[in-house]
Amino acid sequence: MAAFRAEGPGSASSPMGNQEQTTANCGAVDSWGRPLTQLYGKGVTDNLEKLLRPEVRAGVSKEKKKKKTLKEVSRRRQKTCSKEQAWLEAAQAFIEETLCPPGKEPDVQLTQLVIDCVKTIWLSQGRNQGLTLPLSYSFVSVKDLRTHQRLPCCSHLSWSSTAYQAWAKEAGPHGVPLPRERLLLLGTLTDLSGDLEQECRNGSLYIRDNTGTLGCELIDLDLSWLGHLFLFPSWSYLPPAMKSSGEGHLELWGAPVPVFPLTISPGPLTPIPVLYPEMASRLLRHRSKHRNVQPNLAGELVRLSALVKSRKKAYFILSLGGSSPDGSHVSVIVQVPAQLVWHRALWPHKAYVLTELRASKLPGHRYRIWMTSPSSQLLPLKPECVRELELELEGAPLETNPQPLPILSNPQDKKGPGPDGLVRDSRLLSYTGTVTGTLNRAAGLYELDGQLGLCLAYQQFHGLRRVVRPGVRLELQDVHLLQSVGGGMRRPMLAPCLRGAVLLQGFSRLAPETQPSRRAPGASLYEQLVWEHQLGLPLYLWATKALEELACKLCPHVLRHHQFLQHSSPGNPSLGLQILAPTLEVLVPPGCPGRDPRSEILEEPHHCPLQKYARLQTPCSFPTLAALKEEGKCRAWASFDPKTLLPLPEASHLPSCQLNQRLAWSWLCLLPSAFHPAPVLLGVLVPSSRKGCLRLQDQSGSLPCLLLAKPSQPLTDPGLIGCLVRAERFQLVVERNVRSSFPSWKELSMTGFMQKKQARVYVQIFLADALILSVPRPVLHSATSSRPPQTEPSLPEGPHIGQSRLFLLSHKEALMKRNFCVPPGASSEVPKPTLSFLVLGSWLGGTQRKEGTGWGPPEPREGEDSDQKVLLIFLRSSVRWFEFLHPGQLYRLVVPGPPTPMLFKEGGSSCVSQRPPELAGCASCLTVQDEWTLELASSQDIPEVLAISRALPESSLADLLSGNFTDSLVSFSAEILSHLWIKPGSSGATRRCVKLTVALETADCEFPPHLDIYIEDPHLPPPRGLLPGARVYFTQLEKKVSRSHNVYCCFRPSTCVQVLSFPPDTTISAPLPHIYLAELLQGDKAPFRATASCHVVSVFSLQLLWVCAHCISICPQGRCTRQSPACPTQTSISQASIRLLVEDGTAEAVVTCRNHQVAAALGLCPSEWTSLLELVRGLGRVALQFTGPGAQPESSAKTDEPLTLFLWTLCTSFSVLRPIVLSFELEKKPSKIIRIEPPRLQRFQCGEFPFLTRVNPRIRLSCLSIQEPEHPSALGALVSSC
């Protein structure tokens, strides 16, 4: 019973209680704790105890385990045998289907040989878990790979999982290694594509089985492998790009294993007679009996050209050299289709024998050349198998020796690159490196070893394009090195031409990166840049970068990549090439000869597009519209300097309200020449359905634009919507609005006084200076907006149906928010003002219906007047037509869909919709629906329009400047002189407004009169383009007359603005005209501003004062005198004014000078003027009034004070009463409201003789500047008396 008292929870050593210990001492118990002796008796219990002893139990357990293990092994063997049997059956079925000749009995031997090959490779890894067959591998056919394998993969039969993981780690941390698939690939290695025609051989390699062929790449090809069946133990497969019409390809990593033993051909029984390069070269230049022989050529491969594929044939050229010190070599051209695959088997610096060559002369080439024949063979050179053929050459050589092959020198021995802009020579060298990055796969641009750039575009690298990716190792023979090429590329560039070769030394372990779709297409377009447009490398690099920028701007939401980068043909030009064409036409010299591949490879000295180059200064860039807009804002605020906008001394006399008002609005015009490189504006023209303006749009966003067809010709054709606008000449306008609280001019440098800054950015373009390109439909929506761009609704697909009507536009009203009547049955909610505009026009002809691609004849107009007026209402989405509608133009209003009777007539379905309250009783009112479209009609559409004048109506100058108010609405063209924002409370304004000062354009007036135009809410902010220097046509402004009898105009809802021309790019300030004062008495024909040489006769008044900069109260001792409420600031400024009487012998004028002009009038220098103002500061104000010449002045201060006496003496001295050159403007703008006074009789006394003459009335002028005359007059002033 001791056996049952083992150490455990119930043993004596256990910390359990006594009850458990007592139970254990009673012997064996059942699961309920009852002694077994009580249940079965003592005999049974003894036998049971023997069986339960530890040693007995261990023996029984081992026996059971052994039997169980044998059963499991047997079961596993049966299972493995069944799996192997299934695998063998699947292998046999696969071999019969894909490898056996179709229509023949199954080849048992072939099946066994294939399985033996698989076993051999499988067992070579040494870690096969005792399996003789790779049961985890399955056979795959070419068709299955092309059809079902959508992701890149690799398969390595001889590798264990550990070996694959180590291989994958060597791929590096920056890439994803090729995932492993357990697939077995068999096929015939061949250079035939689909069929067995010899003409289909182009040097490519394929794997073929019964299901198809698949292109492949092999690093070291043995020509004896072609046409044999192989098992490929290590390979990778790269499928074509998603949604691509191309095919995938295979990369064969290791040597293939032949299924059938390869027959080793015995060497020649007798040595092959060969010519070495020196003798072969001499033979080509002699006339001899040996000319017709087909010799064998032996030598070391010293040069291998690229494989050139033309429309007629493909070929490559190799050069064999000898061991002689003169470095003689001989070239051989290989163009037999079956021999093009040699290009994959040739390696530089290895020796070869080419058999049965023949001499030939290439068209356009100076020398004869050796050429292979169809029976030629490529053999490795074994000295024991060849003997040199001795030839006796008779006569003198017919041709001179070609130049020897240049010896490549160390690049470090060369001189460094020359200065920028000079033509440099590239360097020829050989280089071996690893591709570490893809710059532009379609353009053939890669990164080598993280330091160099590689351009393969100057070779036909169609086969390499699918292989080259990060991780690929390349050997470059005879490659050009170009340093400091410019064009946006900072690293040195390696670029092989057709003379050099690009040899594959190792495949990449990385899976191809998921290329953006914009880089997949466009390879043919890049080839056109090199082969047809003959771009050098610097310009090609810039072009590729520019196309990338353009693709980012436009693709894929504005335009599809394949549409943008499609191959350019005469009937279907590439959009990308059209955008670059204007720049390329300037940079590429015309008449460049095309590339001659054979001359490029053979001629000495070598000449190719890469031989010479010059550093390219980036000609232009294509920034996104968002970047251009942001750059404009940054430059506008960086150049915003209040001290520049308000220069001293003018700013020092302005009170705070005027100071901040002058800073409230300013503008900056940026030309392309202000940027480096110069930007080219590019975007799709899109109208806005929310704001009614035009925008240029790309992927990054949109930029408002103001377009004119040419000066004085507005944009009228809605067919330009959706077109691509490319402009090299444009104006980027930034209007700056600032809300500031500068106390005075002293704080202008403190930016903390600017509370709010806003900028309105837009571009101004003349379409005559732009390139307009049609964009393939459909135009997709922008990536920055979930809504599509508001283009004109297109007619439904299929047969177009609809109706239209022509109308002549006579007037267009302002685009603003208006209230509209609520139609019957509408919602009870209070309607909100809606952005809209109205158009008044006349119907021309009746309704026309769509007939095919044109319009049918007009329907008869029953009950309509011949000149029926119509008012068109544009609201909601139809406001997008605002910028295209202009008075005097003929348009067609198109309604898509089935014809609707009475649609354009009174009482029609569209004539009872919403309308403004003032037009509620107008029956001839039509609301343009959102889906309706507009077209610009031609005058030939209706003959009667030819007799209608399309000139813009303009009010006469007499009506503008007179007090006649029979028609208070005026229209005119003018040039904007100034643009000023006026705040409420300043200059007598009750609410904010914009004041435009314009110069009227009149044909019969030499000096255009000036006029003020005020723009108030709801017309704020004012329309774009109202800039100083711009010419604008204003329609139906309201004319008003101020209390001082000045004529001015105001905006009304009927007002419309049409910009005629933009401000000039360069502002040239024309000098003011020099006139006589009497010329100012000609009324509206007098200049508003001019210069006159005159004499100061007397001073009428002088006032010097210091005022508070905030409230303009007098500030004695620099302290504001305002008490309730107290002024928040104690900043004071000086102000001054003087009224002078001047004459020039033709007329007299009273001139008012202000502030710093007073110093010039008094003849004081700046220091004297400053001292005088400091003397006035203590008093706060000094004013003198002169009643006439020689009279005593009236002063606000005591007349006996020294300051007053000094000023009286100064004003009556010859320092003031002197000849001057006065620049002035009229105190009042010219008008015909106040009649000019007639000349009056006045008596003059000159010595003893009195004179009586007629004197013109005095003219009132405001001084602009006073300058001293160059030749002061010696004449004294006339003294007048009444």
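- Look at Arg499 and Glu600 and you find no salt bridge, because none of the NZ, NE, NH1 or NH2 atoms lies under 4.0 Å from a carboxylate O.
- Lys309 NZ: more than 12 foreign heavy atoms inside a 6.0 Å radius.
- Expressed to the nearest 0.5 Å, how far SG of Cys100 lies from CG of Asp209 amounts to 11.5 Å.
- Judged purely by distance below 3.5 Å, without hydrogens or angles, the side chains of Gln477 and Ser430 pair a donor atom with an acceptor atom.
- With a 6.0 Å cutoff to the six-membered ring centre and a 45° limit on the axis angle, Arg358 does not count as a cation-pi contact of Trp370.
- Considering only residues two or more places apart in sequence or on other chains, His606 meets the ring-ring contact (aromatic ring centres under 6.0 Å, His included) condition with His480.
- No side-chain donor-acceptor contact under 3.5 Å links Tyr276 to the backbone of Gly321.
- Side-chain atoms of Asn210 come within 3.5 Å of backbone N or O of Thr98 as a donor-acceptor pair.
- Side-chain rings of Trp167 and Trp253 approach one another, their centers coming within less than 6.0 Å.
- Every residue meeting the side chain to side chain contact (heavy atoms under 4.5 Å, CB included) condition with Ile333, not counting sequence neighbours, appears here in chain and number order: Tyr315, Ile317, Gln335, Leu362, Ile369, Met371, Arg598.
- For the ring-ring contact (aromatic ring centres under 6.0 Å, His included) test, residues two or more places apart in sequence or in another chain that qualify with Phe316 are His343.
- The side-chain hydrogen bond (donor to acceptor under 3.5 Å, both in side chains) analysis of residues 443-452, with sequence neighbours excluded, yields the pairs Tyr431-Asp449, Thr436-Glu447, Glu447-Arg491.
- The closest donor-acceptor contact from the side chain of Gln505 to the backbone of Leu474 lies at 3.5 Å or more, if one exists at all.
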Run Ser319 and His329 through side chain to side chain donor-acceptor pair (under 3.5 Å) and show every step you take.
CA-CA 6 Å; Ser319 295; His329 70 283; 4.9 Å; no
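- Taking the ring-ring contact (aromatic ring centres under 6.0 Å, His included) definition, one finds that Phe94 meets it with Phe139, sequence neighbours left out.
- Arg344 places a side-chain N or O within donor-acceptor distance of the main-chain N or O of Gly203, the cut-off being under 3.5 Å.
- Sorted by first and then second residue, the salt bridge (charged side-chain N to carboxylate O under 4.0 Å, His left out) pairs involving residues 157-169 (not counting sequence neighbours) form an empty list.
- Partners of Pro492 according to the side chain to side chain contact (heavy atoms under 4.5 Å, CB included) rule, which considers only residues two or more places apart in sequence or in another chain, are Leu452, Leu481, Gln483.
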Please lay out, stage by stage, how Ser376 and Glu356 fare under the test side chain to side chain donor-acceptor pair (under 3.5 Å).
CA-CA 5 Å; Ser376 298; Glu356 301 185 24; 5.7 Å; no
Could you walk me through whether Asp144 and Ser141 pass the side chain to side chain donor-acceptor pair (under 3.5 Å) check?
CA-CA 5 Å; Asp144 291 338; Ser141 65; 3.1 Å; yes
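- Side chain of Tyr352 to backbone of Trp347: a donor-acceptor contact under 3.5 angstrom is found.
- A heavy-atom distance below 4.5 Å is found between the side chains of Val353 and Thr355.
- Here the shortest heavy-atom pairing between Pro512 and Leu238 reads CG-CD2, 3.2 Å.
- Asp220 and Trp225 get closest at one heavy-atom pair: O-CZ3, 3.5 Å.
- Looking at every heavy atom in both residues, Pro258 comes nearest to Cys117 through O-SG, 3.5 Å.
- Annotation: side chain to side chain contact (heavy atoms under 4.5 Å, CB included) contacts of Glu603 (sequence neighbours excluded): His365, Arg366, Ser599.
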Test log, rule side chain to side chain donor-acceptor pair (under 3.5 Å), inputs Thr372 and Gln339
CA-CA 9 Å; Thr372 61; Gln339 298 167 0; 2.7 Å; yes
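- We find that Glu247 and Arg146 are joined by a salt bridge, their nearest charged nitrogen and carboxylate oxygen being less than 4.0 Å apart.
- Applying the salt bridge (Lys or Arg N to Asp or Glu O under 4.0 Å) test to Asp191 and every residue at least two apart in sequence or in another chain returns Arg201.
- Atoms CG and CG, on Leu178 and Leu151 in that order, are 11.0 Å from each other to the nearest 0.5 Å.
- Under the 4.5 Å side-chain criterion, counting only non-hydrogen atoms from C-beta, Val341 is in contact with Leu226.
- In terms of modelled atom types and a separation under 3.5 Å, the side chain of Ser281 and the main chain of Pro277 share no donor-acceptor contact.
- For Gln294 (side chain) and Leu357 (main-chain N/O), no donor-acceptor pair under 3.5 Å exists by modelled atom type.
- The minimum heavy-atom distance linking Leu214 with Tyr237 is given by the pair CD2-CE1, 3.7 Å.
- Nearest heavy atom pair, residue Gly444 against residue Phe461, reads CA-CZ, 3.4 Å.
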Side-chain donor-acceptor pairs under 3.5 Å in residues 464-473, sequence neighbours left out?
unit_1: Arg465; atom_1: NH1; unit_2: Arg441; atom_2: O; d: 3.4
unit_1: Arg465; atom_1: NH1; unit_2: Ala442; atom_2: O; d: 2.8
unit_1: Arg465; atom_1: NH2; unit_2: Glu527; atom_2: OE2; d: 3.4
unit_1: Arg466; atom_1: NH2; unit_2: Glu217; atom_2: OE2; d: 3.4
unit_1: Arg469; atom_1: NE; unit_2: Leu510; atom_2: O; d: 2.8
unit_1: Arg469; atom_1: NH1; unit_2: Glu251; atom_2: OE2; d: 2.8
unit_1: Arg469; atom_1: NH1; unit_2: Val467; atom_2: O; d: 3.4
unit_1: Arg469; atom_1: NH2; unit_2: Glu251; atom_2: OE1; d: 3.3
unit_1: Arg469; atom_1: NH2; unit_2: Ser508; atom_2: O; d: 3.2
unit_1: Arg469; atom_1: NH2; unit_2: Leu510; atom_2: O; d: 3.3
unit_1: Arg473; atom_1: NH1; unit_2: Thr434; atom_2: OG1; d: 3.0

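- Remark: aromatic rings of Trp235 and Phe232 are distant, center separation not under 6.0 Å.
- Residue-environment remark: CD (Glu97) stays at or below the threshold of 12 foreign heavy atoms within 6.0 Å.
- For the pair Trp122/Ser158, no side-chain contact is recorded, criterion being any heavy-atom separation below 4.5 Å from C-beta on.
- Rounding to the nearest 0.5 Å places CG of Leu184 at 11.0 Å from CZ of Arg182.
- Between Leu476 and Leu448, some side-chain heavy-atom pair lies under the 4.5 Å cut-off.
- Between Ser236 atom OG and Leu250 atom CG the span is 7.5 Å, to the nearest 0.5 Å.
- The nearest pair of heavy atoms linking Cys455 to Tyr540 is SG-CE2, 3.9 Å.
- When atom types are taken as modelled, the side chain of Thr190 and the backbone of Leu192 share a donor-acceptor pair closer than 3.5 angstrom.
- Not counting sequence neighbours, Ala166 has no partner by the side chain to side chain contact (heavy atoms under 4.5 Å, CB included) test.
- In this structure, Glu300 CD and Leu320 CG are separated by 9.0 Å, a value rounded to the nearest 0.5 Å.
- Residues passing the side-chain hydrogen bond (donor to acceptor under 3.5 Å, both in side chains) test with Ser204, sequence neighbours excluded: Asn202.
- Here the NZ-OG1 distance, from Lys119 to Thr132, works out to 5.0 Å after rounding to the nearest 0.5 Å.
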